[in-house]
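Read through the structure below, which is laid out as structure tokens, and then see the notes.
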Amino acid sequence: MTPAVHGATVGALIASGAQQLARAGVAFGHGTANARDEAAWLVLWRLGLPLDSVLDEGAPDSVANQPVTPASQALVATLFEERIATRKPAAYLTREAWLVGVPFYVDERAIVPRSLIAEILADGSIDDWLTDRTTNVLDLCTGNGSLAVLAALAWPEVRVTGADLSPDALAVAHINVERHGLQGRIALVQSDGLATVPGPWDLILCNPPYVNAQSMSELPAEYRAEPELALAGGSDGMDFIRRLLREAPACMTEDAVLVLEIGNERAHFEAAFPQLPVFWLQTSAGEDQVLLATRAALAHFLNDHS
């Protein structure tokens, strides 16, 4: 019987794989946004080809027309069968995810890294908020450590601490810190919020659990394959964030800022903190998913609501 995913060339395998992913109704969002891109990722990874390989059949350096042996075709077909049957994000199958062109190890112990804060670190859009005294950076809810690594790469002069409640996630973060040779500049600490990382910090980055209860109940299987601890934010998604904003000013230096990702929860955020002045940062997803708050604004807000 012919495998569901088949093709004698790289391009044919990708086309067949994309068709099967779409037909199976799998969900995307863990590094790819559509069936074709995910099929390309899986085929290239399984064949050991660079993920940035040229796939335009008309290009002279394209790999699309490269022949694939029957044995390799079978390996590719098996990988697609696993993706469809388990509904695990592709990153859990390949054990790798990429953020702003940087590779990270990941497995089921940590959420698949996809934070929009990565874009902000890479494009320097918060650099004007930092000073020559910005030396201590906290990546709170670090997960697999990707934002901690990206912060260390973006600012070679800073020291970074990655903190997470989950010892499993921190084990994955250790792999990534070592992978990028940053053991001397990144410390990893188990902490429930800011409890064991009181700072003071010059910059806090945080991609917390913020998915509201209704949205949690509607998540596709691919998202339910991730640690719930990293996603669920309570009835309105603001449980962790309420505590963070309450405790953060005491853990920040005078000129410090907090960069916080809230995903699609802006309405809930503004309902919970209607008088807190924040700056919304532009990302590829728009300008209502990542915000910046100064320590002064947080402290003033706390004084008014204490």
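For the single chain, residues carry numbers from 1 onward in sequence order. Reckoned from all heavy atoms, side chains included, excluding hydrogens, waters and symmetry mates. This one's a predicted model, so the numbers in the text were calculated from it and none came from an experiment.
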Looking at every heavy atom in both [X] and [Y], which two are closest together, and how far apart are they?
X    : Y    : value
E261 : V290 : CG-CG2, 4.1 Å
Y92  : A110 : OH-O, 2.7 Å
S235 : N212 : O-CB, 3.4 Å
M252 : P200 : C-CB, 4.1 Å
F80  : G17  : CE2-CA, 3.5 Å
S115 : L147 : OG-CD1, 3.7 Å

Is any side-chain heavy atom of [Y] closer than 4.5 Å to one of [X]?
X    : Y    : result
W155 : D127 : yes
R46  : L13  : no
T94  : L42  : yes
W98  : P113 : no
V112 : N144 : no
R243 : P208 : no
H6   : V68  : no
T283 : I117 : no

Determine whether a donor-acceptor pair (N or O, by modelled atom type, separation under 3.5 Å) exists between the side chain of [X] and the backbone of [Y].
X    : Y    : value
N34  : D37  : yes
T134 : T131 : yes
E96  : V106 : no
R83  : K88  : yes
S217 : Q214 : yes
T78  : A74  : yes

From [atom1] ([X]) to [atom2] ([Y]), nearest 0.5 Å:
X    : Y    : atom1 : atom2 : result
F28  : E222 : CZ    : CD    : 8.0 Å
L150 : L99  : CG    : CG    : 6.0 Å
W201 : D139 : CH2   : CG    : 10.5 Å
S62  : D56  : OG    : CG    : 6.0 Å
L116 : L281 : CG    : CG    : 10.5 Å
E265 : D236 : CD    : CG    : 8.0 Å

Report task. Not counting sequence neighbours, which residues clear side-chain contact (heavy atoms from CB on, under 4.5 Å) with R159? List them please. Result -> T135, N136
Report summary line: From the list T196, T142, D164, side chain to side chain donor-acceptor pair (under 3.5 Å) partner of S191 resolves to T196
Query raised in the report: When the ring centroid of Y223 is compared with that of H30, is the distance short of 6.0 Å?
Result: yes
Query - Y210 and H268 aromatic centres sub-6.0 Å - result: no
Side-chain heavy atoms under 4.5 angstrom apart, residues restricted to Ile, Leu, Val, Met, Phe, Trp, Tyr: same cluster for [X] and [Y]?
X    : Y    : result
L130 : L258 : no
L229 : M238 : no
I14  : L75  : no
I186 : L140 : no
L93  : L49  : yes

Requested in this report: Give the C-alpha distance, both sets of side-chain angles, the deciding distance and a yes or no for side-chain contact (heavy atoms from CB on, under 4.5 Å) between L245 and L298.
Outcome: CA-CA 7 Å; L245 298 192; L298 291 170; 3.8 Å; yes
Query raised in the report: Using 4.0 Å as the upper bound for N to carboxylate O, is an ion pair formed by R133 and D255?
Result: yes
Requested in this report: Answer yes when R87 and E82 have at least one side-chain N-carboxylate O distance shorter than 4.0 Å, and no when they do not.
Outcome: no
Requested in this report: Just do the side-chain contact (heavy atoms from CB on, under 4.5 Å) check on L205 and L138 with the steps written out, would you?
Outcome: CA-CA 6 Å; L205 309 171; L138 174 65; over 6 Å; no
Requested in this report: Determine whether the side chains of S284 and E119 contain a donor N or O and an acceptor N or O closer than 3.5 Å.
Outcome: yes
Requested in this report: Quick one: sort the F273 and F301 rings into parallel, tilted or perpendicular, breaks at 30° and 60°.
Outcome: perpendicular
Is it the case that over 12 heavy atoms from other parts of the model lie below 6.0 angstrom from the [atom1] atom of [X]?
X    : atom1 : value
N264 : CG    : no
E228 : CD    : no
E254 : CD    : no

Query raised in the report: For Y105, which fellow cluster members are found when Ile, Leu, Val, Met, Phe, Trp and Tyr are connected by side-chain heavy-atom distances below 4.5 angstrom, either directly or through intermediates?
Result: V172, I175
Report summary line: The single option from L44, V54, V43, L47 that satisfies side-chain contact (heavy atoms from CB on, under 4.5 Å) with V63 is L44
Query raised in the report: Does the side-chain contact (heavy atoms from CB on, under 4.5 Å) test come out yes or no for F279 and V257, once each step is laid out?
Result: CA-CA 11 Å; F279 299 88; V257 296; over 6 Å; no
Requested in this report: Test side-chain contact (heavy atoms from CB on, under 4.5 Å) on L291 and F269 and set out the steps.
Outcome: CA-CA 10 Å; L291 61 91; F269 179 86; 3.6 Å; yes
Query raised in the report: Cation-pi between R266 and W280: NZ/CZ under 6.0 Å from ring centre and within 45° of the ring axis?
Result: yes
Report task. Take E226 and R114 through the test salt bridge (charged side-chain N to carboxylate O under 4.0 Å, His left out) and record every step on the way to the result. Result -> CA-CA 13 Å; E226 298 180 292; R114 51 187 176 273; 2.8 Å; yes
Query raised in the report: Can you name the residues that form a salt bridge (Lys or Arg N to Asp or Glu O under 4.0 Å) with D107, not counting sequence neighbours?
Result: R109
